[in-house]
Amino acid sequence: MRTTRCLTLVRRPAALGSALAAALALSGCGAEVESDAEDSATVTVKRCGEPVEYTVPERAVAYEGGSADKLFALGLTEHVHGYVMPPANPPVTESPWASEYAKVKMLSDDLLNKEVVVEAKSDFVVAGWNSGFKDERGITPEILDKLGIQSFMHTESCFNYPGFPEKMSPFEALYTDLERLGRIFRVEQKATEVVDGLKKRVADVEAKAPDGDPVPVFLYDSGTDQPFTAGNQVPPNDIIKTAGGRNVFDGLDERWTQVNWESVAESEPEVVIILDYGDLPAEKKIDFLKKSPHTRELPAVKKNNFFVLDYNEGISGPRNIDGLEKFATYLRELKG
């Protein structure tokens, strides 16, 4: 039975209960809050490495597509008040959950800020650390705690979260988020179905990965003087590895990070993944790589081996697995 609860947020070092496994059904059907939610007004769930007590949110605000997609995948549309989409994010009409986005409010097309959240009378905010929550912008979990507003961070972004770091592989972080959100909203069974579905799709890709040495892959996000790329703490690293490739910068214990063109050239990538978003479309990035003296002689560029990864397939969210399946198909066809 669905219940409406008053907002309380109390942090205490209680141990997190055993995580429940979870799966993806692409339907946007609502998930009923399970009847045993009546037994307790709060549930303790980790926010990065910090145990936090949550009530069931009723006016959630999601920042970027990955956050909203996680909530919609769990059937929580009725608990979502609105979303904030910065310019980099592709149109929500392209999402598998486009019909769910249409049922909630677009609150801002700028970066996440405290004013938008307060004005929306939100009781719960989902975002990443440094990609949503940020000291410099005056919106952090600690600040929201003081305002009585609950918050949740993508586990993928937690490895360098001050005070309460938590580190796991990007796909495991995705599963963990869905499990934890399932507990917060008391929809554990739905979360189990969602995660099980995602894991099955990943296993199917792994079973079909090409034999032989992994193909060296360079992800190009942006940058001309120095390239911005993916380290081993973001979803593209797991996408590349699971599909049968090797991120040439998988040795960097970073999320999105800057490198130099010399190290890119030395890695001799056979494939370049282009992260496609905002006002810097993939076509312009490919054109730059073909003309730049730093990259025009790269094996991938000379062979025209470019794969375009949608922004929401590259940031933490259920669409990571869509990106994985597409890249895996591309890699298998490339290797013949």
Side-chain angles (χ1 to χ4, degrees), residues 24 26 28 57-134 136-141 143-144 149-157 170 173-174 177-178 181 221-222 228 230 234-236 255-256 274-282 284-285 308-323:
L24 194 150
L26 286 180
E58 294 295 342
R59 294 178 65 85
V61 168
Y63 178 67
E64 290 197 303
S67 300
D69 288 354
K70 288 173 183 176
L71 296 174
F72 294 146
L74 292 173
L76 296 170
T77 305
E78 291 185 1
H79 295 260
V80 179
H81 175 68
Y83 59 90
V84 175
M85 288 292 171
N89 206 101
V92 298
T93 53
E94 298 176 5
S95 168
W97 296 278
S99 61
E100 304 310 302
Y101 280 98
K103 296 175 185 177
V104 302
K105 294 183 179 182
M106 167 76 164
L107 300 174
S108 173
D109 61 357
D110 203 347
L111 301 176
L112 185 66
N113 63 72
K114 182 176 65 177
E115 290 69 28
V116 168
V117 172
V118 171
E119 185 177 343
K121 298 180 180 178
S122 173
D123 61 359
F124 186 70
V125 182
V126 184
W129 177 246
N130 279 335
S131 54
F133 297 121
K134 199 174 181 69
E136 291 81 353
R137 287 203 303 275
I139 181 165
T140 66
I143 289 171
L144 293 182
I149 300 172
Q150 303 176 114
S151 63
F152 180 84
M153 279 187 289
H154 301 301
T155 305
E156 167 261 344
S157 72
L174 169 61
D177 286 347
L178 292 165
L181 288 168
D221 176 297
S222 59
F228 211 54
V234 285
R255 295 181 70 212
W256 303 99
I274 304 291
L275 192 64
D276 190 25
Y277 60 88
D279 58 357
L280 191 59
K284 289 186 178 180
K285 297 178 186 180
V308 177
L309 184 69
D310 182 83
Y311 182 76
N312 283 301
E313 295 169 348
I315 64 172
S316 183
R319 281 187 265 179
N320 291 159
I321 313 308
D322 297 341

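Just so you know, these numbers come straight off a predicted model, no measurement behind them. Note that these values count all heavy atoms, side chains included, but never hydrogens, waters or copies made by symmetry.
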What I'd like to find out is whether the side chain of Trp256 reaches to under 4.5 Å of the side chain of Pro236, using heavy atoms alone.
yes
Taken to the nearest 0.5 Å, the spacing of Thr140 OG1 from Met153 CE works out to 8.5 Å
Would you check, one step at a time, whether the test side-chain contact (heavy atoms from CB on, under 4.5 Å) holds for Lys105 with Val80?
CA-CA 9 Å; Lys105 294 183 179 182; Val80 179; over 6 Å; no
Do you know the tightest heavy-atom contact between Leu71 and Ala60?
CD1-CB, 4.3 Å
Separation between CG (Leu74) and CG (Leu178), nearest 0.5 Å, reads 5.0 Å
Donor-acceptor pair, distance only, cut-off 3.5 Å: does the side chain of Lys285 make one with the backbone of Asp221?
yes
Where do Ser67 and Phe152 land on the side-chain contact (heavy atoms from CB on, under 4.5 Å) test, with the steps shown first?
CA-CA 10 Å; Ser67 300; Phe152 180 84; over 6 Å; no
Please find the pair of heavy atoms, one from Leu112 and one from Ala127, that lie closest to each other, and give the distance.
CD2-CB, 3.9 Å
side-chain contact (heavy atoms from CB on, under 4.5 Å) against Pro91, all qualifying residues, sequence neighbours excluded:
Thr93, Glu94
Any salt bridge (Lys or Arg N to Asp or Glu O under 4.0 Å) involving residues 59-75? Give me the pairs, sequence neighbours left out, ordered by first then second residue.
Asp69-Arg319, Lys70-Asp177
So Val125 and Phe133, do their side chains get closer than 4.5 Å, heavy atoms only?
yes
Restricting to ring pair (Phe, Tyr, Trp, His ring centres under 6.0 Å), what partner residues turn up for Tyr83, sequence neighbours left out?
Tyr101
Would you name the heavy atoms of His154 and Ser157 that are closest together and state the gap between them?
O-OG, 2.7 Å
So, using side-chain contact (heavy atoms from CB on, under 4.5 Å) as the criterion, who are the partners of Leu111 when residues are at least two apart?
Tyr63, Pro86, Arg137
Using a 4.5 Å cut-off on heavy atoms from C-beta on, say whether the side chain of Ile315 contacts that of Pro235.
no
Do Trp97 and Pro318 have side chains that approach each other closer than 4.5 Å (heavy atoms only, starting at C-beta)?
yes
Which heavy-atom pair separates Leu275 from Gly314 by the least distance, and what is that distance?
CD1-CA, 4.3 Å
What's the shortest heavy-atom distance between Gly65 and Asn312, and which atoms?
CA-OD1, 3.4 Å
In the structure I gave you, are the side-chain heavy atoms of Asn89 and Asp109 within less than 4.5 Å of one another anywhere?
no
Using a 4.5 Å cut-off on heavy atoms from C-beta on, say whether the side chain of Asp310 contacts that of Pro90.
yes
Applying side-chain contact (heavy atoms from CB on, under 4.5 Å), name anything that partners Ser108, two or more places apart in sequence or on another chain.
Val84, Asp110, Val116
Do you know which two heavy atoms are closest between Ser222 and Leu280, and how far apart they sit?
CB-CD2, 4.0 Å
Pro57 meets the side-chain contact (heavy atoms from CB on, under 4.5 Å) criterion, sequence neighbours left out, with Asp123, Phe124, Gln150, Ile184, Phe185
Is the shortest heavy-atom distance from the side chain of Leu107 to the side chain of His81 under 4.5 Å?
yes
Is the shortest heavy-atom distance from the side chain of Arg255 to the side chain of Glu156 under 4.5 Å?
yes
